[in-house]
Amino acid sequence: MALKPSEPTELLHMSSFMGSRRQRKMDDGERSLIGPPASGGDASMWFVYVLAAFSALGGLLFGYDTGVVSGAMLLLKKEMNLSALWQELLVSSTVGAAAISALIGGFLNGWLGRRICILVSSFIFSIGGVILSVAPDKVVLLVGRITVGLGIGIASMTVPVYIAEVSPPHLRGQLVTINCLFITGGQFIASVVDGAFSYLSHDGWRYMLGLSVLPAFLQFVGFIFLPESPRWLLQNGRSQEAYQVLGRIRGRQNVEEEYDAIRANIEEEEKEAGSGGLVILRILSHGPTRRALIVGCGLQMFQQLSGINTVMYYSATILQMAGVRDDKQAIWLAAATSASNFVFTLVGVWLVERVGRRRLTLGSLLGTGLSLALLAVGFLLTALNSPPITFHPVHSQNSTCTQYRSCEPCMLNPDCGFCYRENGTQVFDSSCIPVNQASTDHAAWGRCSNQTGVPSGPMWAYNYCPTSYSWIVLVGLIFYLAFFAPGMGPMPWTVNSEIYPLWARSTGNACSAGVNWIFNVLVSLTFLHVAQFLTYYGAFFLYTGLVFLGLLFVLGCLPETQGLQLEDIESLFAGQLCSCGGSSSSGNRHVHYIRVKGSNLTSDSDSSEVE
Ligand SMILES: O[C@H]1[C@H](O)[C@@H](O)[C@H](O)[C@@H](O)[C@H]1O
């Protein structure tokens, strides 16, 4: 790629517009007074890895706190006698609070800086963890879950921005993707903790929910000593500090050029986009940032519309359909599902700087779409071969459940379950019975109302139908994770951390993270209703269609940002929306940047650089 680096000195002299700027230039005299950056001679790239790891603890907490609740809920609903409404409240309040705080986080990030926001979020996480682990009743639990959600929202939008701003361009994609590795790692740890403490039926949930205090505290202490993003410092007029921090982060390297480039770019950006008024209005009225925002929010929306959280949440059900009947076994196999999500995200970390963001996202969407289609076909075959209902027990209570003729509609009705006997793969003596309102593990009355699952005894299937096509669903699930996790999982976060100019970065990331959380709530809350309305296969065909729409969106609109300085990325959005793919540097075309006295022009010809 023939990328011309910024021309620091020329741009430095060019700007005389700074009168009202908060930012202040540091001249050569000042720089020599400060001397070389603090640890300039000794440190090396390891410091960037330390920064990335400590900030990615925010990702770990995001993953842990969203993942742990399903296992905790199994114990909580029994111990606190929670109604379905309270269960839904405790699960979705966290995600809802995260959506709100991600949006507010944009303002906080610009005002207080990335470091303070990370400190605030780890503090909130710690408080939330303590509240959850000592909660005497469900109301306090709800307060704890909301508190934790507020922490997640701020962390989810701040951490990728911070990592992107401290990373050198050639490592940026990999380091931001590591944050996503920590998210899926947190989800995996949560599922193992859920499995381990599920044996502790009294108060096991306190340990599950409270354990997150440890990484939160570690991050808080770490960030007391870690530095602010040099880009934010520069933007806020703290140029000497910015220079020192950049030197400390870059180790032995000479940071003069990078420092000057960042500074010149901030001056230039402010001139182009103006500095007054609400940032979101400035983003919307400035073509390139408006287009970047559409791409960023679109990516986050399609990530959630591809159904990752229904697959994660319902993996136990899918596994039950595949023949796993024991609850404990299903919990451990669900841990295997989140382990796959984690391992395949690792593949993404390895691939992102090798194949680039755009190709990785496109490949991932294509594979995810095909896997969803396979899942849908598996569910379709299951539905078409749904075991008939052959046994109609008489009971004083009349119920819609007893009117169904096969397992499929019975299983889709949340009030009913399927009670049957099995001989090898043969299902017989099957009936549809109302579920016990206190526990979905049993029927309200009849053979399946007490001990089920004993050899040769009756079996109770609340949310699945026994089928011999479950292997298709299982293969679909594995392929789904193998394709989703390296690309569509991390890339929306990575790309969003890169595509906005500094003045729009916090607000842009806040909006796109907010979109991610809002669609997360929408998709997971509507899944059961969608499945009831369209059946399972209909729901998965719907997700397949949405993923192919996402593929078209990415194909047309997502430019390649690999290897570019953050300051150079804005120019990729200079053209019309959804022509970005055409000027992408992936494939055989090369983008050349021509810096003409303070403006970035993009050319896809071989013309030489003009100054
Ligand atoms: O990128 C993450 C990751 O893929 C998680 O597994 C998922 O639960 C989140 O919703 C998503 O934002």
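Numbering of ligands and ligand atoms starts at 1, following listing order.
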Fill in: Contact summary for S506 and R114, nearest pair of heavy atoms
OG-NH1, 3.1 Å

Worksheet item: Would F223 and Y162 count as a close aromatic pair, with their ring centres under 6.0 Å?
Response: yes

Practice prompt. Considering only NZ, NE, NH1 and NH2 on the basic side and carboxylate oxygens on the acidic side, decide whether E353 and R172 come within less than 4.0 Å.
Written response: no

Worksheet item: Quick one: does ligand 1 sit under 4.0 Å from the side chain of N309, the backbone, both or neither, non-hydrogen atoms only?
Response: side chain

Worksheet item: Hey, does W493 come in under 3.5 Å of ligand 1, counting only N/O atoms on both sides?
Response: yes

Practice prompt. Ignoring hydrogens and angles, tell me if any N or O in the side chain of E560 forms a donor-acceptor pair with the backbone of R358 under 3.5 Å.
Written response: yes

Practice prompt. Check if M488 has a non-hydrogen atom at a distance under 4.0 Å from any atom of ligand 1.
Written response: no

Practice prompt. Note the single closest protein heavy atom to atom 11 (C) of ligand 1, along with its residue, its atom name and the distance in Å.
Written response: Q303 OE1, 3.4 Å

Discussion item. Over 60° means perpendicular and under 30° means parallel, so tell me whether F553 and F302 are parallel, tilted or perpendicular.
Written reply: tilted

Discussion item. Under 3.5 Å between any N/O of C180 and any N/O of ligand 1: does that happen in this structure?
Written reply: no

Item to complete: Just jot down the ligand 1 atoms closer than 4.0 angstrom to any heavy atom of F484, in number order.
Response: 4 (O)

Fill in: Protein heavy-atom partner closest to atom 6 (O) of ligand 1 - residue, atom, separation in Å
Q187 OE1, 2.9 Å

Worksheet item: Are F540 and Y543 an aromatic pair by the rule of ring centers under 6.0 Å?
Response: yes

Worksheet item: N341 heavy atoms, cut-off 4.0 Å: which ligand 1 atoms fall inside?
Response: 6 (O)

Worksheet item: Are the aromatic rings of F379 and Y536 close, with centres under 6.0 Å apart?
Response: yes

Discussion item. Counting only heavy atoms closer than 4.0 Å, does ligand 1 sit against the backbone of T345, its side chain, both, or neither?
Written reply: neither

